[in-house]
Amino acid sequence: MGRSLAAVKTFNVNDYGAKGDGSDATENFEDKVLITHKKAFNNAWKAACSSSQGSVLVVPKNKNYLLKPITFEGPCKSSITVQSAYSKDLTRWLVFENVQNSAVEGGGTINGNGKIWWENSCKVNDDLSCKDAPTALIFYNCKNLVVKNLNIQNAQKMHVSFEKCVGVEVSGLTITALADSPNTDGIHVTRTQNIQISSSVIGTGDDCISIVSGSQKVQATGITCGPGHGISIGSLGDGNSEAQVSNVTVNGATLTGTTNGVRIKTWQGGSGRASNIKFQNIEMHNVKNPIIIDQKYCDRDKPCKSQVWKLRLISTPLNLYK
């Protein structure tokens, strides 16, 4: 990040009450305040965020922190690096929001412990009502962001989502979940511009990478995918909505044992365009459906109503091998 060590201040979550021994709370008998890991992480983040000099939020290695959903919110006074390592919104677990010029780096594992969520999914058991599950790690409205060398596993639903971000570099991610885990996309990109995803290994129960409406200038290179549903544009146009995706390049990916290879999926009745989509240098092994352009995508219990398709696909070159 171009900063000298002398200019960086360190904030360790353990110094703010986190224990990292697998428990989610400790009792401070002196002031009779219940200090949860969520509070400790929040306080450490606030201190780092308010620092006028470059700061590092440290989550020590080889520790086990149980966290309820939490949002790390900016803007901050200076750049922040996060070294690794419940709000009432059950669709979000760990959230970085309105953060600029920051890095989230690896060293530990983010484990969503998703098995209990998968077992209670209507996609696994038809007798259950459908309920939303949390995305494990969300970056919302962030600018000039670096995310690298993270190990993320067994998310409750999606593993990592970039939403309404600008200027993102993603590299060295390892994302894993069982092949039959429902809706566990590896990397999800929505309403995000200028994002580069590289040198990552993804194997889940859904799309390794999914790119949906509002995303522009998306590049993915050096991707290893499998198991999973492949690399997807969409779905687009759900609920008769307008969708726009442009300038997406996937250059260099190996897919093994996936349901699909590369695909574009759009709902009937939607409008808009998906333009300048490039898939090149894609290697596939034991892939059931190598290339899919599905203009009648339907992810419903009942058949979808037949409607006029208004979403245009423009310039979609493919260069595949094996």
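Nothing fancy with the numbering, it's 1 onward along the sequence. Since we're looking at a predicted model, the values are computed, not measured.
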Identify each donor-acceptor pair in which a side-chain atom of residues 209-216 lies under 3.5 Å from a protein atom, sequence neighbours left out, and give them as a table.
{"residue": "Ser210", "atom": "OG", "partner": "Asp185", "partner atom": "OD2", "Å": "2.9"}
{"residue": "Ser210", "atom": "OG", "partner": "His188", "partner atom": "ND1", "Å": "2.7"}
{"residue": "Ser213", "atom": "OG", "partner": "Gln244", "partner atom": "N", "Å": "3.2"}
{"residue": "Ser215", "atom": "OG", "partner": "Val189", "partner atom": "O", "Å": "3.3"}
{"residue": "Ser215", "atom": "OG", "partner": "Arg191", "partner atom": "N", "Å": "3.3"}
{"residue": "Ser215", "atom": "OG", "partner": "Val212", "partner atom": "O", "Å": "3.0"}

### Query
Who pairs with Asn98 by side-chain hydrogen bond (donor to acceptor under 3.5 Å, both in side chains), at least two apart in sequence or on another chain?
Asn141

### Query
Got a donor-acceptor contact below 3.5 angstrom from the Ser78 side chain to the Ser51 backbone?
yes

### Query
What pairs with Asn14 under side-chain hydrogen bond (donor to acceptor under 3.5 Å, both in side chains), at least two apart in sequence or on another chain?
Tyr65

### Query
Any link between Leu94 and Ile175 through a network of hydrophobic side chains (Ile, Leu, Val, Met, Phe, Trp, Tyr) touching at under 4.5 Å?
yes

### Task
State which residues pass side-chain hydrogen bond (donor to acceptor under 3.5 Å, both in side chains) with Glu119; sequence neighbours excluded, sorted by chain then number.
none

If you look only at distance, which donor and acceptor atoms sit under 3.5 Å apart when one is on a side chain in residues 160-167 and the other is two or more places apart or in another chain?
{"residue": "Ser161", "atom": "OG", "partner": "Glu163", "partner atom": "OE2", "Å": "3.0"}

### Query
Tell me, which pairs form a disulfide bond (SG atoms under 2.5 Å apart) where one or both residues lie in residues 222-266, sequence neighbours left out?
Cys208-Cys225

### Message
Donor-acceptor pair, distance only, cut-off 3.5 Å: does the side chain of Asp294 make one with the backbone of Lys296?
### Response
yes

## Note on the structure
Contacts of Ala179 meeting side chain to side chain contact (heavy atoms under 4.5 Å, CB included) (sequence neighbours excluded), chain-then-number -> Pro227

### Ser199: partners by side chain to side chain contact (heavy atoms under 4.5 Å, CB included), with sequence neighbours left out
none

### Task
Name all pairs fulfilling the salt bridge (charged side-chain N to carboxylate O under 4.0 Å, His left out) condition that reach into residues 40-56, sequence neighbours left out, sorted by first residue then second.
none

### Pairs flagged by salt bridge (charged side-chain N to carboxylate O under 4.0 Å, His left out) wherever residues 194-221 is involved - sequence neighbours left out
Asp207-Arg263, Asp207-Lys265

## Note on the structure
Applying ring pair (Phe, Tyr, Trp, His ring centres under 6.0 Å) to Trp118 and not counting sequence neighbours gives none

#### Entry: Any residue meeting side chain to side chain contact (heavy atoms under 4.5 Å, CB included) with Asp15, in chain and number order, not counting sequence neighbours
Asn12

### Query
Would a distance-only check, ignoring hydrogens and angles, find a side-chain to backbone donor-acceptor pair under 3.5 Å from Thr184 to Thr204?
no

### Message
Has Gln268 got a side-chain atom pairing as donor or acceptor with Gln307's backbone, closer than 3.5 angstrom?
### Response
yes

### Query
Is there a donor-acceptor contact under 3.5 Å from the side chain of Ser200 to the main chain of Leu173?
yes

### Query
Does the Ser232 side chain pair with the main chain of Gly234, one donor and one acceptor, at a distance under 3.5 Å?
no

#### Entry: Identified ring-ring contact (aromatic ring centres under 6.0 Å, His included) counterpart of Phe72 within the set Phe96, Phe139, Tyr140
Phe96

